Asks: 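Would you mind keeping the following structure in view while I ask a few things?
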Amino acid sequence: MLVRSALPSVRRGPQRDAGRPRGAALRRRAPALLGAALALLLGCSGAAKAPAARPARVVKTPPAQPKAPEGPPLLPAQVVAELEDEDATPYFARRGDEALLLYAAGGRWRTRVIGADGAPRGDVVDAGPAAADVPVAALRAGPQGYIAAWIEQSGGSRAVRALALDPAGKPVAPASPVAQTAEEITWLDVLPNAKGALVLWEMPREDRVDVVMTVLAQDKGAAIKPTAPASVAREVLGWNAVATERGAAVALVLPPAAPPPRAQGKAARKADAEDAAEPAKLGSVSLVEIDAAGKVSAPVAVSPEPTAQIDLEIAEVGGRYLLTWTDERDIDSAVYLAAAEPGGKVVVAPRQATPPSGEQALVSLVAPPAGPGGRALLAWEDVLRPRGGDGGAEAGGAGRLIHLASVGPDGALGAERAALVFSASGPPDLTADGDGFAAVTLAPATLKAARDAAAAPPIWPTFVRFGPDLSVRAAEPVRAAPFAATGGVPYLVRGLSCHKGACATLASAAAGAGAQQGGAQQGGAAKAAGAAGAAGARAPLALVSLPVRESAWRAPAFREDRDPPPRATAVRALAEGDPLAKVAAAELDGGAALAAWVTYFVEGASDGAPRGQDLSATLAVRAASPSGLGKLNVLSQKASSLGGVAIATAPPPPADPKGKGGAAQGESVIAWVARERGETQVYVTKVDATGAKVAQKKLTTAPRKKQGGAASEASDVAIAYDGAGGFIVAWVDTRDGNAEVYAARVDRALNRTAPDRRITNAPLDAAEVQIAVRGQEAWLVWSDARPAGDAAGAGAAGGEATGDVFFARLDAKTLQRIGDEARLHASPEHSRSPVLAPHEGGVLVGWVDEPAGDGAAAGGGAAAGGGGAAGGAGGRARLVRLDNGGAMQGPPVTIEGPDGASVSSIALACDKACRGVLASAPGDSVALSAFTLAPGEAAAPPLKPLAWLTGSASRDVSPALAGRSGASLFFADDAVSGSGRVRWMTIAWP
């Protein structure tokens, strides 16, 4: 296999969603670079003009590198060949204790036997003529030696040729022609068996491919005799094959007879006009077997649903076939597994391989050595997981995070999980290593003792060897003396292989940057390579040993299941559709929760409503529990996005004196704003534990239309259970001119028990009110644009204010204000998005401060929380504690986003300790980070990454923690394609 940095790749078969990126699938399926080598024993010689159609395992060291660390020793290496083209692909196959190297030089195929110690044995063998244009080739060990096959391109003609080699690498006879055609051939593989070998290749047919084969029969010591080409499958979306002693097993992604309704619906939601016209690239999964004589069995349906992507993999484990792919039968794509017996009987029905974690993408499936035992290695990527190095201190560096787990013949994953950092596109190079596994990746190279965290480490190819429990046995950058001219780091690394506990990989230098004096262990071979490199004529190729030894280097991998909390344990999508404006959540009994949300809708910007219907934003609710998701309940399609949504839960009502009338479960009330005939009013809706509507009433009836001006609006609703059988609703209303905070109270039947009461009276606008009930009091916080120094809102002047967070206490029964309002913090920044989290000692208040526009200033001096802070480059969060009397307990605590990223929102929950989730925008994406705040803690808490989201950094994900434990987080996430998703994340806390 070949691993090369920043190399995009495609799967065999036509690409899915080629016109638009989709998270991890994008990074693994972009078009391949011309001239890039393919997989182990598969690749190209010279410049490849045909598009590669298989993911490449190639690490290419970036040309610009920071200063390299000094000190650690180099790895043992042997120069085994010199390549005329630095990007040319050598082919390497193991056969027992020996191996064979095949490469093209001077228009000829060359072979060389490699001993068990990695040293060349004997001279280079001339194996026959090599065409100038060989886009794909393969080399495999067979019963009588080795078999090579390749595709030749000459003008408008393509040919497939095969060559038999004896154990010494000598041709048994000249290469045999297998097929000749004027059509395109994009992929080829050799599958040896006990009697010979099968050669399979693919021929593209617009958005599909045909799979064709030939049988290579070989008598003892005689030339191979290919049969006439025969069809394996026609017009499939994708395929993958594995060699068996009986012949081969081929997994197929078959196109549906007609686009399924779900696929059509998703295309309409996700794609633009051009992409929507493309057929869906999803299909069903089937299995066929080919015997040694070339007889193809009838297809066996493994997964009949047309929901599989084309990234299908198959491996033989413990006498069974394991099949895995990325599946889209649910909202989030997920990695699925199935198992079948030889003969085609499906013994493990398709099922999701890993716990839900948002959108997943399959990376690879690595088979163990042939035999009755052993476990395969499944590698996948989670879009909504921390990037490389964030999940564990051992990994030390940024990049994609590839997740690893072993899997047995029963399709069950082992409990041990590991993660591997990969700072490039495409898949890393993975292989079985005795009872464990090995990998070559591209990752930041840092020493364990390094203290200068500010210095950017170099990105180098690095090997990792895993034990059977996926613990890291050894890890070092691939550096060897033949590449002394580049600090020991090769230009390309490929062809990772292991045998009897010894691992090695091929590595080559760039032409003109060859080896220098290699030291005693390299001898004359290194000197010869150094001379060639100095002349700039050839690129030395070395076999680098990857030993298990003590290392001063930090491993780019770690045991993920040992990652300390807080961490996300599962992520599921509740709904998909329009982008989201607001998400709210409340905890129910038994670990369940209700999530409610309202979509984003701009008045007058949509013409999707049927004639005569007045549609606005959609309000929906769904229950989520450890046992699964409830029914999605759409409560209204006339909601206001600006109105937001809030939800509060009350305990079950008490029974009457005769023991009747009590309920078995609590009740939840949702506050929201409806828009009807151009006017907005606040509504309250009671729902049961499943989210089904029980009752609904209009809370406000304020006149909205005005002559000669804009109609008044209701927005920013909040609700809390009052502790006495009713609910208090707060919202922002412009009925009296500027935006002010209002409140009202209802009983369990949603009847008013207190009229609308105006809470604030200030010269400028209030926004984003939040509410919590403490005993007999209701506590409100909101953002208010009144000038600094005007705490009560009476007659203050000054420049335009940017907004600060205010606090007020109300009598929970009468809604009369208790005392004066208080400004929690004054600063020249814009304070917004306040949240409340009650606890035994009072309430924790959080909000976001973001830099105000040029020329805006808050004026005034310091408030009770301390002096104003200068605006920074991005937003930050602030936390302040209020005791049971509403007094501030010290100045606000400031929390910066990770690596200085701008903070966009915050969610809080308090029990014995307070827990929070911070949304920030590093670059063009959104990250979720977790923190804990112990009682009395005054310092800013450290952040732990939870997830990177797929949506744009410009979107507020509206995180909401359900309940006091903070174990369930609900948030909005816009998919890359533009659709909005409501997600539920469960979090393990310390």
Side-chain angles (χ1 to χ4, degrees), residues 11-12 191 193 211 232-233 236-254 282-291 296-330 333-357 360-380 403-417 430-432 435-437 468 470:
R11 283 288 182 188
R12 287 184 294 197
L191 304 174
N193 55 63
V211 184
V232 175
V236 299
L237 297 177
W239 65 281
N240 197 283
V242 61
T244 69
E245 290 187 356
R246 303 166 299 279
V250 184
L252 305 169
V253 181
L254 304 179
L282 297 174
S284 59
V285 176
S286 291
L287 173 69
V288 299
E289 293 181 284
I290 310 172
D291 66 16
V296 181
S297 70
V300 174
V302 176
S303 180
E305 294 82 0
T307 54
Q309 293 186 12
I310 62 174
D311 57 353
L312 182 64
E313 298 271 1
I314 183 172
E316 188 175 20
V317 182
R320 286 180 171 177
Y321 304 130
L322 285 183
L323 295 87
T324 182
W325 64 92
T326 305
D327 196 281
E328 292 195 23
R329 67 188 66 195
D330 294 319
S333 58
V335 176
Y336 267 63
L337 267 171
E341 299 276 5
K345 181 181 178 181
V346 177
V347 291
V348 178
R351 64 190 184 194
Q352 189 168 343
T354 67
S357 55
Q360 297 177 332
L362 176 66
V363 174
S364 61
L365 178 68
V366 175
R375 297 178 65 83
L377 183 71
L378 180 69
W380 73 97
H403 305 283
L404 308 173
S406 65
V407 56
D410 59 355
L413 268 62
E416 300 84 5
R417 304 293 166 89
L430 300 167
T431 192
D435 58 352
F437 303 93
L470 298 184

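Reckoned from all heavy atoms, side chains included, excluding hydrogens, waters and symmetry mates. All values reported here derive from a predicted model rather than from experimental measurement.
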Asks: Any side-chain heavy-atom pair from L430 and L404 closer than 4.5 angstrom?
Replies: yes
Asks: Cation-pi check for Y336 against R329: NZ or CZ below 6.0 Å from the six-membered ring centre and within 45 degrees of the axis, yes or no?
Replies: yes
Asks: Which one of V348, L413, L362 satisfies the side-chain contact (heavy atoms from CB on, under 4.5 Å) criterion with L337?
Replies: L413
Asks: Within a strict 4.5 Å, meaning less than it, do heavy atoms of the V211 and V236 side chains meet?
Replies: yes
Asks: Assess the side chains of R417 and T354: does a donor N or O sit below 3.5 Å from an acceptor N or O?
Replies: no
Asks: Are L323 and V285 packed together at the side-chain level, in the sense that at least one heavy-atom pair is separated by less than 4.5 angstrom?
Replies: yes
Asks: If you look only at pairs with a residue in residues 403-416, which of them pass as a salt bridge (charged side-chain N to carboxylate O under 4.0 Å, His left out), with sequence neighbours excluded?
Replies: none
Asks: I'd like to check W325 versus V253 (side-chain heavy atoms, cut-off strictly below 4.5 Å). Are they in contact?
Replies: no
Asks: Just verifying a value: how many Å separate S333 OG and D311 CG, rounded to the nearest 0.5 Å?
Replies: 9.0 Å
Asks: Please report the interatomic distance NE2(H403) to CD(Q360), rounded to the nearest 0.5 Å.
Replies: 8.5 Å
Asks: Between L365 and V407, is any pair of side-chain heavy atoms under 4.5 Å apart?
Replies: yes
Asks: State which residues pass side chain to side chain contact (heavy atoms under 4.5 Å, CB included) with A243; sequence neighbours excluded, sorted by chain then number.
Replies: L191, P192
Asks: Check whether any side-chain heavy atom of L470 sits under 4.5 Å from a side-chain heavy atom of L377, and report yes or no.
Replies: yes
Asks: Heavy-atom distance under 4.5 Å between the side chains of T324 and L378, does that happen here?
Replies: yes
Asks: To the nearest 0.5 angstrom, please state how far the CG atom of D327 sits from the CG atom of L312.
Replies: 11.0 Å
Asks: Considering residues at least two apart in sequence or located in another chain, which fulfil the side chain to side chain contact (heavy atoms under 4.5 Å, CB included) criterion with T244?
Replies: R246, E316, Y321
